[in-house]
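Beneath this line is the structure, given in C-alpha cells, with notes to follow.
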Amino acid sequence: MAQAFARKMANDGFDLVLAGRNTDELDAIRRDLLVRSPSCSVQCLFFDAMDMESHREMIDRLSPLPEVAACFVGSMGDEIAARCDAGALALILRSNFEGPANVLGIVAKRFEDRGSGTIVGISSVAGERGRKTNYIYGSAKAGFTAFLSGLRNQLQSAGVHVVTVLPGFVATKMTSHLSLPPALTAKPEAVASAIAKAIRKETNVIYVKPVWFVIMTIIKAIPESIFKKMSL
Amino acid sequence: MSSNPIPNGRQERVTGWGRYPIVETRLVQPASDAELSVATRSDGLVARGNGRGYGDCAVGKDASVQTLALDRFESFDPETGIVVAQSGVLLKTIIDVFLPRGWFPYVTPGTKFVSLGGMAAADVHGKNHHVDGTIRRWIEWFEIVCADGQIRRCSRTENNELFEATIGGMGLTGVISRIAVRLRRVQSAYIQQQTFVAPNLAAAMELFDRHESATYSVAWIDCLAVGEAMGRSIVMLGEHATITDLPVDLRDDPFDFPLRKALGVPFAPPISPLNRFSIQAFNSLYYAAQKRKIGQSLADYDSYFYPLDSIHDWNRIYGRRGFVQHQCVLPEERSREGLLELLQFISRHTQGSFLAVLKKFGKEEGPWSFPMAGYSLALDFPVNYNIESAYAALNEIVLRHAGRLYLAKDALMGRDFAHDSDHRLANFKMFREQHGMKQKFASVLSERIDL
C-alpha cells in the first residue's frame, strides 16, 4: 500500500522521502520510482516505528520538512497469543498505535509550527467496533483513529490537515493468504489514488470503497446486546 | 512494513483467460525475491502472470506462482532503450511509463494486460512478426529460478541453452524473476493505418505478400463467408506515425490522446449471446463498415493494438462455460489449401468465430516457439457440447497440412496430436528430463500434452 502511494505521489510530481526498517527494500522501491518518474527525487531513511526513542532524531533529519507525511505502519500480529501474552499484546499495540502516534505527534508539532502540511494515518475499519476475532488489533487501530481525530481537531486552526484512512480489505502482502470478497476488496493502487484525492480535497475520513461506509454504519448501529451474540 | 510469515498461498479455482477449464490449484503470490525462492520449493508448479494465457498453460499442476506482486522496475537506459524489470510488470505499465518519453515495445500481443514474464514464456508475437520477430529478439537477458533452486542469469552469451529454451518454454523451465528488454523509439502514440478489403482468401494472401515491408499487418477474416467470398478479409497495415504524419493540432503533444472510456461485462450470461446468427450479422455489418474506411487513417496505439482491452472482462461474453481459442500456423506452401479447408469446416460445422484473425508470419526462431513462416489463423469458440469434436476436426486439418497450435491459446488438444503436429516437443520433453525440470515445473498444459 505504501509503495502504491509512493508511486502515485511521485507520478503526481512530489519528491519523496521513504522511511522504513528494511533499507534494501526501500532502495528497491526507490529505484522503481526513479524509473517510473525520472524527474522526482527520492531519499531513503532508516526508521523503526517500534523504537520510539529514535523518532525525533529521524524527523530532525528531514530537510526540508515535507508537505505531506503518511504513516503506513501496522501489523496484524498474533491476535490469539496477544490475548494472554504481554509481549505479543505490546507488539500489536505498539506497531499499530503507539509507534504511529508517537512519530505523527512529532511531525504534527513541526507542521503546526510551520503552519501548513497534511498528515495521513492509515487506520482500519477493525477499529470501528471490537469483534471477537481481532479486537486487540482493532483496539490498537481504534486508539489510532481516536488519536488522528483529536490531532485533526487540534491542528485545524494551525492550517494543518489530517486524513484518516480506513481501507477495508486491501489486496496486499498482509492479506494474500486470505480469500477476500472481491466486491469489498480494494487494490493498493485504488487506495493510493483515494488518499491522493483526500489530500487534495482535504477530506477528513475516507473509506476507499464506499460500500465500507455503509457496512460500518450498520455494524456500529447494532445494539451491544445483539452484537455480543453475533459472529462477524 | 509488517513481518508476517510468508504465505503458502491458498487453494483456488483458477482458469486462463478463456475461463475454461477451471482447475483447483494452490495460488501463491510472492512479493519479493526471498518469497519467490520459498514459493518455488515445492514440485509441480508453474509461474502465472496476469492469467491472459487462454487455456491451462499458467495453471500449475499443484501450485501456481503468481508474479504480479513482483512489479518493480530496476533500471532504464535511455541510450539503448533497455528496461530492466521484475517479471510481474505488465506491458500496460511499460507503455504508460515509457510511451510519453518516446518508447514503445518492439513486440506486443493483442492485449496490454500481459506480464513481462508471460510474454517471454509464450514468446509472444505481434502484427509485426514478419519484420521484428517475437519478443525473443528484444530480450537482452533474464534471471530465472531453476529446478535446483539456483537463480541463473541467461542471455545470448551466458547460459545460452537455457535462454533459448525458456523463451517460448511456457514456464516449464523455471520461474523468470527479472527481464531486460529493449524498447523502440517512436515519435508519437499514433499508428498510420492503411485498410484494404480483400474479397476472398486469395486476395487477402496477395495483399500480405505485396505489403511484406509494412511494419504491422493483420487481417480480420469473415469465417462464415462461403463460396466465392470464402476468406473475405479486411487487411490492416500500420506504421508508427512520425511527427509529420500527425495533423498540426496533435504535433505539440504527440504522445497524448483522448482515452477511451472502458466498458465492462459485469457478469457471464448463462447462455452466450454469440451464436451463428449474431456472428453472421456482426461480420456482415463489420465488413460493410470497414469497406467504407478503405485507405489511410490515423489511430491511437490503444485502439489500434488493443481494441478489446477497452471492454474489461470481455471473456465473459462467451457465457458461463467459457470459450477456447484455436490458433494454428500452417507452412507457407500449404497455407492456401489448409486455410480454405479450415474455413470450409468452420462455415459448415460450427457457429463461427466472433474474432477470426489471419496473419502472415516471418521465419521460425527458437527451439519450440510457435511461429513459423506461413499463415496463422486464430479463432474463438464458446465451449459447448460439440466443441471437442469441432476442435479435433480442425486439428486433423492442421496436422494434414503440417501446421501446429499455439500453446498459449490451446486448452483442448491431446497428447498425440501435440507431438504429431510438433516434433520439437519431444526434444522439449527430453530437455526437461535432462535438467530435472519435469517434476519441478508442471502445468495442467504440460500434463495434458506430456511435456
Side-chain angles (χ1 to χ4, degrees), chain A residues 1-4 6-8 10-11 18-39 46-50 71-79 91-92 95-96 99-100 122 124 137 170-180 182-183 187-189, chain B residues 1-14 24 26-36 38-39 65-78 81-86 88-90 92-103 177-178 180 183 266-267 313:
Chain A
M1 229 188 311
Q3 171 172 274
R7 285 175 181 173
K8 170 71 182 156
N11 191 51
L18 312 173
R21 232 175 352 180
N22 185 339
T23 47
D24 289 345
E25 182 79 356
L26 290 182
D27 192 56
I29 295 174
R30 179 180 148 271
R31 290 208 290 155
D32 173 66
L33 291 169
L34 292 178
V35 173
R36 286 170 190 259
S37 307
S39 56
F46 177 80
F47 164 58
D48 183 356
M50 308 293 277
C71 177
F72 287 81
V73 176
S75 73
M76 305 286 274
D78 186 342
E79 182 79 22
L91 204 64
I92 294 179
S95 60
N96 291 296
I122 311 303
S124 170
Y137 174 76
V170 183
T172 63
K173 194 162 135 178
M174 201 155 110
T175 58
S176 69
H177 60 295
L178 303 170
S179 275
L180 300 175
K187 291 197 174 128
E189 293 74 28
Chain B
M1 261 163 253
S2 58
S3 54
N4 289 283
I6 294 154
N8 284 318
R10 53 180 195 266
Q11 286 298 124
E12 286 247 329
R13 285 153 62 85
V14 173
E24 188 158 314
R26 193 160 52 83
L27 192 66
V28 201
Q29 293 174 305
S32 65
D33 286 335
E35 288 183 18
L36 178 62
V38 174
V65 178
Q66 188 149 37
T67 56
L68 292 182
L70 301 169
D71 71 340
R72 285 184 191 146
F73 288 103
E74 303 198 335
S75 66
F76 177 67
D77 180 352
I82 294 172
V83 57
V84 180
Q86 288 183 301
V89 168
L90 296 187
K92 175 189 189 299
T93 311
I94 293 180
I95 295 170
D96 287 348
V97 168
F98 294 104
L99 183 58
R101 289 181 235 168
W103 299 94
S177 56
R178 49 180 52 72
L183 305 178
F267 63 93
D313 302 315

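Here is the naming used below: chain letters follow the sequence lines, and residue numbers restart at 1 for every chain.
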By a 4.5 Å heavy-atom criterion (distance strictly below it), what part of A:Arg30 contacts chain B: side chain, backbone, both, or neither?
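No part of A:Arg30 comes within 4.5 Å of chain B.
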Where on A:Ala28 is there a heavy atom nearer than 4.5 Å to chain B: the side chain, the backbone, both, or neither?
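For A:Ala28, backbone and side chain are both near chain B.
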Would you say the side-chain atoms of [X] pair up with the backbone N or O of [Y], donor to acceptor, closer than 3.5 Å?
X       : Y       : result
A:Ser95 : A:Leu91 : yes
B:Gln66 : B:Leu27 : no
B:Ser32 : B:Glu35 : yes
A:Asn96 : A:Ile92 : yes

Would you mind checking which part of B:Asp96 comes under 4.5 Å of any heavy atom in chain A, side chain (CB onward), backbone (N, CA, C, O), both or neither?
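Looking at B:Asp96, nothing touches chain A.
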Please flag which part of B:Gln86 lies under 4.5 Å from any non-hydrogen atom of chain A: side chain, backbone, both or neither.
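When you check distances to chain A, no heavy atom of B:Gln86 falls under 4.5 Å.
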